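Notes to accompany the following structure.
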Amino acid sequence: MENSEKPVVSNFIRTIIDRDLESGKHKKIVTRFPPEPNGYLHIGHAKSICLNFGLARDYGGVCHLRFDDTNPIKEDLEYVQSIMEDVRWLGFDWGDNLFYASDYFEQLYEFAEMLIQKGLAFVCDLCQEEIREYRGTLTVPGKNSPWRERSIEENLDLFRRMRAGEFEEGEKSLRAKIDMASPNLNMRDPVIYRIKKAEHHRTGEKWVIYPMYDYTHSLSDAIECITHSLCTLEFEDHRPLYEWCLHNLPVPSYPQQIEFARLNLSHTVMSKRMLLDLVKNNVVQGWDDPRMPTIAGMRRRGFPPAAIRDFADRIGVAKASSLVDFELLQFCVREDLNQNAKRVMAVLDPILLTIENYPENSFEEFEAINNPEDPDAGTRMIPFGKQLYIEREDFAEEPPKGWFRLSPGAEVRLKHAYYVTCKEVIKDAQGKITEIICTHDPQSRGGSTPDKRRVKGTIHWVSAAHAADAEVRLYEQLFTLADMSEMEEGKAPEDYMNPESLKVLTHCKIEPSLASAEKGERFQFLRQGYFCADLDHSPEKPVFNRIVTLKDGWARQQRKQ
RNA sequence: UGGGAUGUCGUCUAACGGUAGGACAGCGGACUCUGGAUCCGUACGUGGGGGUUCAAAUCCUCCCAUCCCAGCCA
């Protein structure tokens, strides 16, 4: 991936790493991105991916991709594959460092026997509900399990029989022996192994007991010699247990867990459960619906991966919970696309414009610059004729104050082509404008005149004889509520659905060259926004997604009045 | 009312006892064959009260607010 020329902004994690490197605690850093393969990755994960892989890159260390696959009933190979695709698409490479917690199951099992040998773990016969009762509450200490004082021999025997499949799910569990009176509920003899007679996507039916997250994660980090184990704030309370595991077992290294605030983005949700509900209830059209904050959705929408990386850099990393404005992401997307997207002309809501003094059945071509920000992008030829389509919005029969575009008697520039002046407006029986009659100034060919007269308005157009029809999908924010954590009691995200989040336009007129766009190819539709050829796009049936609009100074000015 | 954390412009984030800075959003202007881009200018902040200090966002103290935790999920 390309080097970023932007200065790196310091954050508390970099401060810790700087200190550890300076003190000699570590020579090289090792981080990891540890997803559970139970769903699709979203922009919140992208923050974590950019953080972990970015630190490894900046400090000359490495970052592992490790699947935290300890709960077979929720996990699936489909998710493993989508996660790898998403990480790669974002521009990161884990090289040989692909790991699975399930690869450590045997080692983890041996560690568990060691805990039993040390009297630090016991097999408990309490059922799930009883465990909950014995755990106490936030303010009331828990009670010891009646099975807490079993002998080491008995525990070992029972645990081995758990592994052998002699007990049913829920019948027994292995628990760490810590402190039922701890004010930290995670330390009240947490379950570290449970029986699950489920097929695992990688280990098949080899195991009927599976280790729990806290136990697995700390030890996996240690096994991989992770130096800095970055996770989100809700695991702060788990850190004592993370450290308990490391301190009580002969691990090869002592990773440091550091917590940071997860990303919240305005007008969307980040919880896997809520996203799953949107998909299941057909509120959106799938995990890759362009409105989804999933990486797959953003990819389909047309967000460039570099823009997402830039976004991750700009939001920074800190410990305070925050809600980032969606506008910042849009800014990053525009900034990338302004540099990189080819300019083309497309008319979303066409109205016919006829140039009465232009010869019948005569056509010519104009050379158009592909990208004024990038001379290397070259030029292309665009056809022009007597009849054109222009944007209905670019004509006003009674123009408001400050209007630069077309109106009766007014002259505007057709981008790259001629100046035209509106002479007449033709309407149907309902009073709807069906055609605009203009004259052009032949002297203005190419977009300027010998007399150098100024024309304020420049509008886009396509030749009616050459245009292709296209479907264009306009996307906006998924929800009307900015801070979705403020949803009312009993309401679901879909109750806040933005009715304008998807608008499908079916008879848009596009430059002929656009029909042959590649799927995923991004363009600026002049004066309107950035668009990308959708997965559904084909030369016979062009389909474009609006990635993001252009900033609209006119609209802003209108809003103020 | 147990424990863990966090409060800096509207938003995100720097500053680590020494001029509160940047970015987005906003506002004003210049320029423009995209009302885009670009450029210039501008406003806006340390949750509150005490204290230590020549000097406090930073240290101490009390208060307030917000977030997280009672899965055999991660």
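Below, chain A is the first sequence line, B the second, and so on; all start at residue 1. All of these numbers come straight from a predicted model, not from anything done at the bench.
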Report yes or no: is the cationic atom of A:R32 (NZ for Lys, CZ for Arg) under 6.0 Å from the centre of the six-membered ring of A:F99, at an angle within 45° of the ring normal? no
Are OP1 or OP2 of B:C72 and a side-chain N or O of A:R175 less than 4.0 angstrom apart? no
Between the base of B:U13 and the side chain of A:R314, is one N or O donor paired with an acceptor at under 3.5 angstrom? no
Donor-acceptor pair between A:E373 and A:N371 side chains, under 3.5 angstrom: no
Report yes if a donor N or O on one partner sits less than 3.5 Å from an acceptor N or O on the other, where the partners are the side chain of A:D237 and the base of B:G3; otherwise report no. yes
Return the nucleotide paired to B:G2: Watson-Crick means purine N1 to pyrimidine N3 with N6-O4 or O6-N4, wobble means G-U with N1-O2 and O6-N3, both under 3.5 Å. B:C69
Pairing nucleotide - B:G26, Watson-Crick or G-U, each distance under 3.5 Å: B:U42
Can you check whether A:W554 and A:F404 have ring centres sitting under 6.0 Å from each other? no
Classify the nucleic acid contact of A:T70 as base, sugar-phosphate or nothing, counting any heavy atom under 4.0 Å across all strands shown. sugar-phosphate
Mind calculating the distance between OH (A:Y100) and P (B:A74) to the nearest angstrom? 18 Å
NA contact type, A:R334, heavy-atom cut-off 4.0 Å: base, sugar-phosphate, or nothing? nothing
With both distances under 3.5 angstrom, what nucleotide forms a Watson-Crick or G-U wobble pair with B:U53? none
Please work out if A:I315 contacts a base, only the sugar-phosphate, or nothing of the nucleic acid, heavy-atom cut-off 4.0 Å. sugar-phosphate
Report yes if a donor N or O on one partner sits less than 3.5 Å from an acceptor N or O on the other, where the partners are the side chain of A:Q528 and the base of B:U34; otherwise report no. no
For B:G3, does the base pair up with any side-chain atom of A:E236 as donor and acceptor (N or O, under 3.5 Å, distance only)? no
Would you indicate what A:V455 reaches in the nucleic acid, counting non-hydrogen atoms under 4.0 angstrom: base, sugar-phosphate, or nothing? nothing
Does B:C73 have its OP1 or OP2 closer than 4.0 Å to a side-chain nitrogen or oxygen of A:K196? yes
Minimum-distance nucleotide to A:N338 side chain [options: B:U13, B:G36, B:G4]: B:G36
Residue pairs passing the side-chain hydrogen bond (donor to acceptor under 3.5 Å, both in side chains) test with at least one member in residues 174-184 of chain A, sequence neighbours excluded, are A:N184-A:N186
Considering only B:C69, B:U6, B:A74, which nucleotide approaches the side chain of A:D68 most closely? B:A74
I'd like to check, for A:F404, whether its ring lies over the base of B:G35 with centroids under 5.5 Å apart and a plane angle smaller than 30°. yes
Report yes if a side-chain nitrogen or oxygen of A:R188 is closer than 4.0 Å to either non-bridging phosphate oxygen (OP1 or OP2) of B:G71; otherwise report no. no
Counting only side-chain nitrogens and oxygens, does A:R559 get under 4.0 Å of the OP1 or OP2 atom of B:G35? no
Applying the 3.5 Å cut-off to both distances, the Watson-Crick or G-U partner of B:A37 turns out to be none
Check whether any side-chain nitrogen or oxygen of A:K551 sits under 4.0 Å from OP1 or OP2 of B:A37, and answer yes or no. yes
Could you tell me whether B:G49 is syn or anti, where syn means a glycosidic angle within 90 degrees of zero? anti
Between A:R556 and B:A25, is there a side-chain N or O to OP1/OP2 distance below 4.0 Å? no
With the threshold set at 4.0 Å, does a side-chain nitrogen-carboxylate oxygen contact exist between A:D18 and A:R14? no
If you measure only the distance, is there a donor-acceptor pair under 3.5 Å linking the side chains of A:E364 and A:Y418? yes
